[in-house]
Amino acid sequence: MNLQLMSMHDRARRRASALAICLAAASATAATPAVLPPLNDPPAAQHLPGKFVWADLVAPDAVAARKFYGALFGWSFRKIDGGQGGARPYTLAYAGQRPVAGIIERRPEQRQAAGRWVAFMSVPDVARASAHVRESGGTILVEGRELPDRGEVAILADPDGVPIGVIKSSSGDQDDFLVDYGEWIWALYQSPAAERATAFFQSLGGYEVVVDDGRFAVPHFLLVAQGYSRASVLQIPGDNPRLQPGWLYFIRVDDVDAKVALAEQLGGSVPVPPRGDLLQGRLAVIADPGGAPVGLLEWAPDPEEGGT
């Protein structure tokens, strides 16, 4: 079983545009600090290092992205003015009353490239996380900065060249709970050097690593923090040189087959359809009309376990 999606063509295109993507996302956020809401209102009482707490989509067409995700997941949206300096507007996406993501449109010269989701991991110290990335062979795409009401953020690139955001939220991190349909539930990283990538993220997020034997035909490592599995790292098979490193983020849905069919009707594509070997057909991967991949996951854990 494998979920790897990206060809060598995708790899060259995405690596060439990674810096521009991340700078675009950061400039959108940094340009509107006065009006971005806190991640939690009322504020949460704790920080949960290693938990993914936010995601931004950099889209070729923000209007098309809103139509797609609104119809597919029932998200609603609030557009925030970009403010002075020519910054582009930033859109907040809500699942019910809860903000779950931001959307920023690429600059005109970047719009031929595919869209991309960049998620933010909670860390106790953004400067320390940035130093770890440098020491490990990664790069800093956007230096750490303080955003009023939001907290301190930075956008980094790991040793594989894949972007990831880090944040120390000024309003804390939400308690763990089973998310509703239409909300983020899982993060999966694929790498040709899964053990190395796992060690990198273990240090970055303060994770305990658990080897997941038997579920995949290739090495698979769970990243655990505060007693919860936050994400996982999957080995890219060595016999497939077309595949590239990258994050894939999953949204909880009630019916994978129905969402896949709807995504196609809305102009998306289906790189990985539901299959019996993918959690008994309860998992699939779609791509929105801008080309950004998104995982779909049906999940009904043991009621006694709770959490995400």
Side-chain angles (χ1 to χ4, degrees), residues 1-7 10-11 14-15 18 22 48-55 116-123 129 132-139 141 155-167 176 184-252 271-272 277-279 282-285 292-297 299 307-308:
M1 166 178 169
N2 78 65
L3 305 177
Q4 291 80 23
L5 310 175
M6 303 171 187
S7 66
D10 294 324
R11 175 165 53 195
R14 288 177 181 265
R15 282 185 183 275
C22 292
L48 302 174
K51 183 175 182 176
F52 285 85
V53 296
W54 189 252
R116 186 172 196 154
W117 283 100
V118 178
F120 287 76
M121 176 195 294
S122 176
V123 296
H132 166 66
V133 167
R134 286 193 182 97
E135 294 165 0
S136 302
T139 56
L141 301 179
I155 302 182
L156 318 172
D158 67 27
D160 284 329
V162 177
I164 184 172
V166 293
I167 182 170
D176 288 299
W184 303 104
I185 189 169
W186 191 248
L188 174 70
Y189 188 81
Q190 60 178 24
S191 173
E195 289 190 9
R196 183 199 67 190
T198 298
F200 170 82
F201 290 115
Q202 181 179 22
S203 296
L204 181 65
Y207 295 115
E208 174 190 355
V209 174
V210 177
V211 178
D212 184 25
D213 292 325
R215 192 180 312 185
F216 291 82
V218 294
H220 182 227
F221 304 93
L222 299 174
L223 303 178
V224 179
Q226 300 91 37
Y228 291 87
S229 295
R230 302 295 186 191
S232 63
V233 180
L234 186 69
Q235 176 75 34
I236 292 176
D239 60 356
N240 196 334
R242 298 182 305 107
L243 303 177
Q244 76 161 59
W247 280 103
L248 179 64
Y249 305 105
F250 287 81
I251 288 178
R252 187 180 180 219
V272 181
D277 60 331
L278 299 179
L279 293 181
R282 294 183 288 116
L283 180 152
V285 180
V294 181
L296 306 178
L297 179 63
W299 186 250
T308 59

Practice task
Measure from the side-chain N and O atoms of Q202 to the backbone N and O of E208, and report whether any donor-acceptor pair falls under 3.5 Å.
Solution key: no

Practice task
Please confirm whether the backbone N or O of V218 pairs with a side-chain atom of Q235, one donor and one acceptor, at under 3.5 Å?
Solution key: no

Of the non-hydrogen atoms in [X] and [Y], which two are nearest, and what is the gap between them?
X	Y	answer
L204	H132	N-NE2, 3.7 Å
L156	L141	O-CD1, 3.9 Å
P159	S136	CG-O, 3.3 Å
V53	S122	CG1-CB, 4.1 Å

Problem - Aromatic plane relationship, F201 with W247 - under 30° parallel, 30 to 60° tilted, over 60° perpendicular - result: perpendicular

Completion exercise
In this structure, CH2 of W299 is separated from CG of L283 (nearest 0.5 Å) by 10.5 Å

Note, [X] side chain near [Y] side chain (heavy atom, < 4.5 Å):
X	Y	value
D158	Y189	yes
Q190	L248	no
R230	D176	yes

Problem - Result of checking F250, Y249, W184 against W117 for ring pair (Phe, Tyr, Trp, His ring centres under 6.0 Å) - result: W184

